[in-house]
Amino acid sequence: MRDVRNVTLLAGGVGGAKLAQGLDRATSALTVVVNTGDDAVIYGLSISPDLDTVMYTLAGIADPQNGWGVAGDTYATLEAMARLGQDTWFRLGDRDIATHVLRTARLRAGVPLSTATAELASALGVRPRLFPMTDDAVATLVDTPAGRLEFQEYFVARRHADEVLGVVLDGVERAAPAPGVLEALDADVVVIAPSNPFVSIGPVLAVPGVRDALAASGARRVAVSPIVGGHALKGPAAAMLAAMGHEVSALGVARLYAGLADVYVIDERDRPLAPAVEELGMTAMVTRTVMGGPEDRERLAREILAA
Ligand code: FO1
């Protein structure tokens, strides 16, 4: 049986995509609001990695190993790019490139990203509504000892090895939420995915109006910790917490979400942190948060919806 309440998920890349799939299996009215601060232009193509990761996962065609890109993709275009002397550190597969060509064409024709996203998602048979956080240009930049880096340069080209001194969300103060985003926060349940709080969820909350709408929302708000046993499930979240002076634990992230969540979901390994989470004014829910395959994602989604 699918839950019939309106559910909205705030998501970044792979962790957000997994929970989106679980929620899609458990509910009939899901909206996913996705970070676009990672967006990049490569070979003149407009790439929205987090939107595509969520879209491919919901369409059942995401690469199971990486979590991003299309399962079984080939790299003939990238090999040709290398022969033409281009950098190929960003691994764009041939099928994935079709998405970027169409998105770029639609954006060049003056169509907003939200519309282009809805068209692509519909063509791939994605049932939930998929919204970019904004139709405006916002770029996540990472300050490091080597200078200010564009997000994909920091994350992919340099394998997030640089020390993080700070994160800048360039353009965010001039951005407006994409159509439907603020209304979607007025759902029955709003879930914050186990995504990086600084570079995945942070940009979504920083779009003017979003944080205030979530703080004032009458929704049951549930945040899932991206830190388990002091380690990030994926990527540089733990290193970023440390670098920015926060405790490297599920509790450190809980402090960032105080006032924005009613329930905070932590892993069984972090059960001892539950009392400290509750002192922040949130109900601590303890369960297995590391998601395996689709059934396991659905299991976590159902537990979240029952919270
Ligand atoms: N992540 C990588 O670590 N290496 C890549 O070569 C890479 C290529 C890529 C291509 C398309 C796409 O949609 C995503 C891609 N990602 C890649 C993931 C991307 O960098 C995401 O921004 C991060 O996973 C953060 O969410």
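Order of listing sets the numbers, starting from 1, for every ligand and every atom in it.
- A side-chain contact (heavy atoms from CB on, under 4.5 Å) with M244 is found for one member of V167, L256, L165 and no other, namely V167.
- Every residue meeting the ring pair (Phe, Tyr, Trp, His ring centres under 6.0 Å) condition with H160, not counting sequence neighbours, appears here in chain and number order: F155.
- Of all the listed residues (D52, V156, D39), V156 holds the heavy atom that lies closest to atom 4 (N) of ligand 1.
- Taking a cut-off of under 4.0 Å to the non-hydrogen atoms of D38, the atoms of ligand 1 that pass are 22 (O), 25 (C), 26 (O).
- Residue contacts with ligand 1: S48 is placed with no nitrogen or oxygen under 3.5 Å of a nitrogen or oxygen of the ligand (distance criterion only).
- A single hydrophobic cluster is seen to contain both F198 and Y264, as judged by linkage of ILVMFWY side chains at heavy-atom distances under 4.5 Å, directly or through other members.
- Atoms OG1 and CE, from T287 and M285 in turn, are 5.0 Å apart once rounded to the nearest 0.5 Å.
- Residue, atom and distance of the protein heavy atom nearest to atom 21 (C) of ligand 1 are P49 CB, 3.8 Å.
- When only non-hydrogen protein atoms are considered, atom 6 (O) of ligand 1 lies nearest to R91 N, 2.9 Å.
- Close approach to D96 involves these atoms of ligand 1, each under 4.0 Å from a residue heavy atom: 10 (C), 11 (C).
- Residue M282 holds its CE atom at 10.0 Å from OH of Y257, rounded to the nearest 0.5 Å.
- Annotation: atom 26 (O) of ligand 1 to nearest protein heavy atom, D50 OD1, 2.8 Å.
- Among all non-hydrogen protein atoms, the one lying nearest atom 10 (C) of ligand 1 is F90 CE2, 3.3 Å.
- Residue contacts with ligand 1 include W89, since one or more of its heavy atoms lies under 4.0 Å from the ligand.
- Counting only non-hydrogen atoms, the option in F155, Y154, W68 that gets closest to atom 8 (C) of ligand 1 is W68.
- E150 CD: 12 or fewer foreign heavy atoms inside a 6.0 Å radius.
- Within the 4.0 Å heavy-atom criterion, neither part of V14 lies near ligand 1.
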